[in-house]
Chemist: 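Dropping a structure here in structure tokens format, bear with me for questions.
Lettering follows sequence order; numbering is per chain, from 1. Both backbone and side-chain heavy atoms feed into the values below; hydrogens, waters and symmetry mates do not. Worth saying up front: this structure is predicted, and the values here are computed from it rather than measured.
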Protein chains: 2
Amino acid sequence: MKRKTRDRILHASLELFNSRGESNVTTLQIADEIDISPGNLYYHFKSKSDIVTELYDWFEDQIGDLLAVPEVEISVDDQWLFLHLLFETIAHFRFLYQDLVNVLSRYEHLQPRFQRIIKRKYDASHRICDSFRKQGILTASNQETDALCHQIVLTLTYWLSFETLSHLNDRDAVDLGRGVYQVMVLVAPYLRDEERMVLERMSQDYL
Amino acid sequence: MKRKTRDRILHASLELFNSRGESNVTTLQIADEIDISPGNLYYHFKSKSDIVTELYDWFEDQIGDLLAVPEVEISVDDQWLFLHLLFETIAHFRFLYQDLVNVLSRYEHLQPRFQRIIKRKYDASHRICDSFRKQGILTASNQETDALCHQIVLTLTYWLSFETLSHLNDRDAVDLGRGVYQVMVLVAPYLRDEERMVLERMSQDYL
DNA sequence: GTCTATATTGTGATAGAC
DNA sequence: GTCTATCACAATATAGAC
């Protein structure tokens, strides 16, 4: 029970950051939200930067677990689940993604850490594509695979922000399944007919 | 000569916004940059919001001209040029794109205007794809074309920001040709062999 | 048109009592 | 651990002299 207030600060911060943007949320608003005094907040965290950094630690732990894709055989269903979990994590910490350049400018020490995440996303995409190729599910040259993975990472990183642009009023009304579908669309042209058909049927739900 | 100072304010603002992020630039810094007093700045613009709005007017004019793609036959070379000009405009006003959600939250009156731009980007993509289909250059179902255009608009909107993540130190060192190439990669799987070959050869320069 | 001076408010952060 | 009170400073914006 010792860290109860500390935890409440972090959770409230995350929620406020996500809905209003990190730079538009003050420490006073965070304290207000959970009915404590600003002084109390600063007893638990010596600066706003410390709150952001600790939330980033959470994010890194969570997405790090996901990106540790093993080098084994991966099914299309596995990939579907993987992408969905990724988008869930991104949505959970969307304050980072929605103003990426701004956040990374204000908290420079996060720059290398985020760049490492991007690199790991790229590697994970590559492991999945390579596994598909080995199974004969996917046909693409090395060049095509590189470009495809690059595009997948871009989409993973920014699809949610892009989608939010159409729902700026109620930002929580975003269906993450659409993001997964959008990534699958990128892969589709290179898929074996069988798998492409399955995708095509699913598209009914998302277009 | 009447509007010299007013213009200098706008140009300096644009440059500072682009390199440091709009929310990280104060009116004092803008005034400092061109060696005028803050009071003078506020003689020309009654608020910072007015500066941002006028820069947005510029942006809208510039990109509006580009997005007025006529319904005529379009060659792959035309598309290449079109995409390059689009990315140039986006780069010129990248302060908007790099923290889109933040900017649109702080200046709510820009939300519908930007959403209209997105819509027009989508329509322009569609006109190009349809022209390609008519010419037999591109083969794709209606569903595939919709998904492709969606993906193209996402890439147009966020490719530059994504690329910047790797060059956070010197943000001007971004080759826009890579962005054009990245969009072409999206279209590639649906292209006729002839055109896809040309693309493949170009990929040497960009990978 | 431009400047200096200043009002006003907001924001991150600290000191010291309870 | 928590609160009240407050500091220090930066940001937008205005007033009035030149």
Side-chain angles (χ1 to χ4, degrees), chain A residues 1-57 95-96 99 101-110, chain B residues 1-57 95-96 98-99 102-110:
Chain A
M1 279 299 137
K2 207 180 175 185
R3 319 182 52 186
K4 213 172 144 219
T5 299
R6 197 185 148 81
D7 254 37
R8 285 172 66 218
I9 293 172
L10 287 169
H11 280 106
S13 300
L14 179 56
E15 196 140 322
L16 288 172
F17 289 169
N18 278 341
S19 62
R20 300 185 202 167
E22 179 272 333
S23 60
N24 303 322
V25 175
T26 70
T27 49
L28 197 85
Q29 288 171 319
I30 298 168
D32 256 23
E33 182 72 18
I34 53 174
D35 289 307
I36 63 168
S37 67
N40 192 1
L41 184 147
Y42 278 93
Y43 167 79
H44 290 285
F45 295 92
K46 78 169 208 302
S47 74
K48 188 182 172 186
S49 169
D50 279 21
I51 298 179
V52 172
T53 304
E54 190 142 338
L55 287 176
Y56 191 89
D57 291 342
F95 79 94
L96 279 174
D99 301 290
V101 178
N102 197 15
V103 171
L104 296 183
S105 296
R106 291 156 56 83
Y107 305 98
E108 292 191 29
H109 62 287
L110 298 182
Chain B
M1 280 299 136
K2 206 179 175 185
R3 319 184 51 186
K4 216 173 140 218
T5 300
R6 195 185 149 81
D7 253 37
R8 285 172 65 220
I9 293 171
L10 287 169
H11 281 106
S13 299
L14 179 55
E15 196 140 322
L16 288 172
F17 289 171
N18 278 342
S19 62
R20 301 186 202 166
E22 180 271 332
S23 60
N24 302 321
V25 176
T26 71
T27 49
L28 198 85
Q29 287 171 319
I30 298 168
D32 255 25
E33 183 72 15
I34 54 174
D35 289 308
I36 63 168
S37 66
N40 193 0
L41 185 147
Y42 277 94
Y43 166 78
H44 290 286
F45 295 92
K46 77 168 210 300
S47 73
K48 188 182 172 188
S49 170
D50 280 22
I51 298 179
V52 172
T53 304
E54 190 142 338
L55 288 177
Y56 190 89
D57 291 342
F95 79 94
L96 278 174
Q98 279 171 355
D99 300 292
N102 197 16
V103 171
L104 296 183
S105 296
R106 290 155 56 82
Y107 305 99
E108 291 191 31
H109 62 288
L110 298 182

Chemist: Check the side chains of A/T53 and A/D50 for a donor-acceptor pair under 3.5 angstrom, ignoring hydrogens and angles.
Modeler: no

Chemist: Evaluate whether atom CD of A/E15 has more than 12 neighbouring non-hydrogen atoms of other residues, nucleotides or ligands under 6.0 angstrom away.
Modeler: no

Chemist: What's the spacing between A/S23 OG and A/K48 NZ if we round to 0.5 Å?
Modeler: 7.0 Å

Chemist: Rounded to whole angstrom units, what separation is found between the CD1 atom of B/I9 and the P atom of C/dC3?
Modeler: 10 Å

Chemist: Rounded to whole Å, please give me the gap between NZ in A/K46 and P in C/dG12.
Modeler: 15 Å

Chemist: What's the CG-P distance between A/D50 and C/dT14, to the nearest Å?
Modeler: 10 Å

Chemist: Rounded to the nearest angstrom, tell me the gap between atom OH in A/Y42 and atom P in C/dA13.
Modeler: 4 Å

Chemist: Without decimals, in angstroms, what is the distance between B/Y43 OH and C/dT2 P?
Modeler: 8 Å

Chemist: Could you tell me whether a side-chain N or O of A/D99 sits under 3.5 Å from a main-chain N or O of B/N102, the two making a donor and an acceptor?
Modeler: yes

Chemist: Check DNA chain D against residues 22-41 of chain A and give the residues with a non-hydrogen atom under 4.0 Å, in numerical order.
Modeler: A/D35, A/I36, A/S37, A/G39, A/N40

Chemist: Could you tell me the separation between the CG atom of A/L16 and the OG1 atom of A/T26, rounded to the nearest 0.5 Å?
Modeler: 9.0 Å

Chemist: Give me the one residue out of B/K4, B/H44, B/E33 that meets side-chain contact (heavy atoms from CB on, under 4.5 Å) with B/I9.
Modeler: B/H44

